[in-house]
2 protein chains.
Amino acid sequence: MRGLARALGVEPMSLYHYAASRDEIVGALVDRVVEQIELPMPDEGWKAAIRSCAISAHRVLRRHPWACNPLMSGPRISPARLRMVDALLATFEAARLPPDLADLAYHAIDSHILGFTLWEAGYTRGMPALTGDDLTAFLERLGIDRYPHLKTHAEWHLGPHDGPRQDEFEFKLDLILDGVDQMRDRTPTQSDGPAR
Amino acid sequence: MRGLARALGVEPMSLYHYAASRDEIVGALVDRVVEQIELPMPDEGWKAAIRSCAISAHRVLRRHPWACNPLMSGPRISPARLRMVDALLATFEAARLPPDLADLAYHAIDSHILGFTLWEAGYTRGMPALTGDDLTAFLERLGIDRYPHLKTHAEWHLGPHDGPRQDEFEFKLDLILDGVDQMRDRTPTQSDGPAR
DNA sequence: ACCTGAACACCGTTCAAGT
DNA sequence: ACCTGAACACCGTTCAAGT
């Protein structure tokens with residue numbers, strides 16, 4: 001509040017003429033972020049549609065990590081958020097997922113988008129570009145020798161990992177999508193035929 | 001700080017004789033939480049071991065949701081945390097996962113535990129035991145009719161879901177574990193034989 | 001060694017008073 | 001209508017001073 005007021009060249013209390021509370025302002029800002037997420041395009045198949053929407057959400061939220069916590073805590077009833085939820089559910093429905101599987105899949109995707117992005121933000125913030133020497137010194141200081149497998153893992157990280165690293169968000173996303181896809185094949189829909 | 005001091009019947013500044021900062025106290029409390037998580041037992045197979053450790057972590061963290069954010073943001077170098085990370089990596093190593101897959105799997109599990117639990121906490125906090133009538137009124141007020149698929153989904157939630165609901169944490173956890181397992185089978189290890 | 005009073009630099013927010 | 005001064009009830013933290 002005070003910072004925003006200063007940026008606007010105004011006293012903090014003036015803000016309360018335009019917004020009822022800090023939460024209202026944060027909620028509006030979150031909505032501007034969520035608006036930027038590309039909605040799933042149903043004509044490319046449900047998996048590809050969900051996939052590109054999730055990747056878009058991740059890319060957008062990575063630029064605004066502060067928005068993850070407001071989105072996760074409390075019922076975000078912002079229009080953009082509702083629109084996105086509706087579009088995701090529409091995609092599952094068009095794919096003829098049975099409602100209980102659609103529910104599981106939707107929650108899995110939603111929690112992956114928000115949870116992973118927040119986890120990732122904390123992770124990269126915790127590792128502030130430590131170069132090799134600083135990192136080894138850091139590791140020594142906290143008694144890395146008592147954790148041999150962690151040490152091996154850290155040494156592997158420092159070595160030359162061959163080839164481009166797989167994107168971790170997409171890795172986990174595909175595990176979810178492929179798993180749901182397999183369950184969909186095993187659970188026949190009401191019409192009992194493949195979705196067309 | 002002030003609340004803790006009041007609970008101890010002491011002035012806030014006295015605390016700084018025992019701890020350097022608020023973060024130090026929070027870190028110590030987080031460690032007491034992480035200590036309660038059951039470590040993976042290697043003799044039951046890597047999948048079952050990781051699975052029961054993750055479920056234990058979820059159960060513990062669900063009782064202390066405030067610990068998720070401190071665990072995610074910043075490098076938690078607490079002993080219990082390091083011990084758990086080391087045990088997870090040891091399990092992947094014993095299963096002869098190639099290091100790049102072990103890295104992906106470990107991050108997927110870690111982000112699932114912390115990210116999902118935090119997501120879940122916000123979700124259940126946002127839905128504070130709304131009974132049917134309150135919820136329908138709430139839905140009407142925010143223009144649910146503009147989101148038809150969300151409306152269908154909400155109505156399904158209100159109806160009688162047949163059978164016991166699958167645990168969502170375990171659902172996503174198994175998607176990760178099974179997916180990693182399949183990738184392990186496709187990627188031969190150095191010794192080129194099945195892990196014994 | 002252990003505790004505290006006074007103080008500092010922060011928060012979000014209210015309300016009556018200004019123009 | 002739009003802004004603000006003064007004030008309130010909060011934070012975490014420091015430091016010199018108490019016992």
Side-chain angles (χ1 to χ4, degrees), chain A residues 1-35 61 63-81 114 117-119 121-128 138 141-142, chain B residues 1-35 61 63-81 114 117-119 121-128 138 141-142:
Chain A
M1 287 292 122
R2 290 169 134 98
L4 173 60
R6 197 177 336 113
L8 294 172
V10 102
E11 297 301 316
M13 326 90 192
S14 308
L15 301 175
Y16 291 91
H17 228 259
Y18 302 90
S21 66
R22 182 183 190 278
D23 280 357
E24 190 174 296
I25 296 177
V26 171
L29 288 175
V30 167
D31 214 35
R32 310 308 284 187
V33 171
V34 177
E35 275 172 3
L61 288 174
R63 296 175 55 225
H64 311 283
W66 54 267
C68 291
N69 254 323
L71 274 170
M72 291 207 312
S73 52
R76 275 301 140 228
I77 50 173
S78 76
R81 172 88 167 132
L114 297 176
T117 308
L118 197 55
W119 176 87
Y123 211 83
T124 53
R125 183 152 24 90
M127 302 277 188
F138 172 75
R141 190 151 34 82
L142 58 85
Chain B
M1 286 293 122
R2 289 169 135 98
L4 173 60
R6 198 177 336 113
L8 294 172
V10 102
E11 297 299 317
M13 326 89 192
S14 307
L15 301 175
Y16 290 91
H17 227 260
Y18 302 89
S21 66
R22 182 183 190 278
D23 280 356
E24 190 174 295
I25 295 178
V26 171
L29 288 175
V30 167
D31 213 34
R32 311 307 287 188
V33 171
V34 177
E35 275 172 4
L61 287 174
R63 296 176 54 225
H64 311 283
W66 55 267
C68 291
N69 254 325
L71 274 170
M72 292 207 311
S73 52
R76 275 302 139 228
I77 50 172
S78 76
R81 172 88 166 133
L114 297 176
T117 308
L118 196 55
W119 175 88
Y123 211 83
T124 54
R125 183 153 22 92
M127 302 278 187
F138 172 75
R141 189 151 33 82
L142 58 85

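In what follows, every heavy atom counts, from backbone to side chain, and hydrogens, waters and symmetry copies are set aside. Every chain is numbered from 1, with letters handed out A, B, ... down the list of sequences.
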Side-chain N or O of S14(A) closer than 4.0 Å to phosphate OP1/OP2 of dT4(D) = yes
Nearest heavy-atom neighbours spanning R22(B) and M1(B) | CA-CE, 3.3 Å
Return one dot-bracket line describing DNA chain C 5' to 3' (Watson-Crick or G-U wobble pairs, both distances under 3.5 Å; ( ) same strand, [ ] crossing, | another strand, . none).
-> ||.|||||...|||||.||
Between R2(A) and H17(A), whichever has its closest DNA chain D nucleotide further toward 5' is H17(A)
Please report the shortest heavy-atom distance between R81(A) and L71(A), naming the atom on each side.
-> CD-CD2, 3.7 Å
Take the protein atom CE of M13(B) and the nucleotide atom P of dC8(C), then report the distance between them rounded to whole Å.
-> 14 Å
What nucleic acid atoms does M1(B) come within less than 4.0 Å of, heavy atoms only: base, sugar-phosphate, or nothing?
-> sugar-phosphate
Of all heavy-atom pairs between V30(A) and P70(A), which one has the smallest distance, and what is that distance?
-> CG2-CB, 3.8 Å
Give the table of side-chain donor-acceptor pairs shorter than 3.5 Å for residues 2-20 of chain B, with sequence neighbours excluded, one pair per line with atom names and distance.
| unit_1 | atom_1 | unit_2 | atom_2 | d |
| --- | --- | --- | --- | --- |
| S14(B) | OG | E11(B) | O | 3.2 |

Could you give the CG-to-C1' distance, from L15(B) to dT4(C), as a whole number of Å?
-> 12 Å
Interatomic spacing from CG in L118(A) to CH2 in W66(A) - rounded to 0.5 Å | 13.0 Å
Check: T117(B) side chain, L114(B) main-chain N or O, donor-acceptor pair, under 3.5 Å | no
Would you check if L29(B) and V33(B) make a side-chain contact, meaning some heavy-atom pair closer than 4.5 Å?
-> no
Between dC2(C), dT14(D), dT13(C), which nucleotide has the shortest distance from any of its atoms to the side chain of Y16(B)?
-> dT14(D)
Please work out which residues in residues 3-12 of chain A have a non-hydrogen atom less than 4.0 Å from an atom of DNA chain D and list them by number.
-> V10(A), E11(A)
Can you tell me the distance, in whole Å, between the CG atom of D23(A) and the P atom of dG12(C)?
-> 10 Å
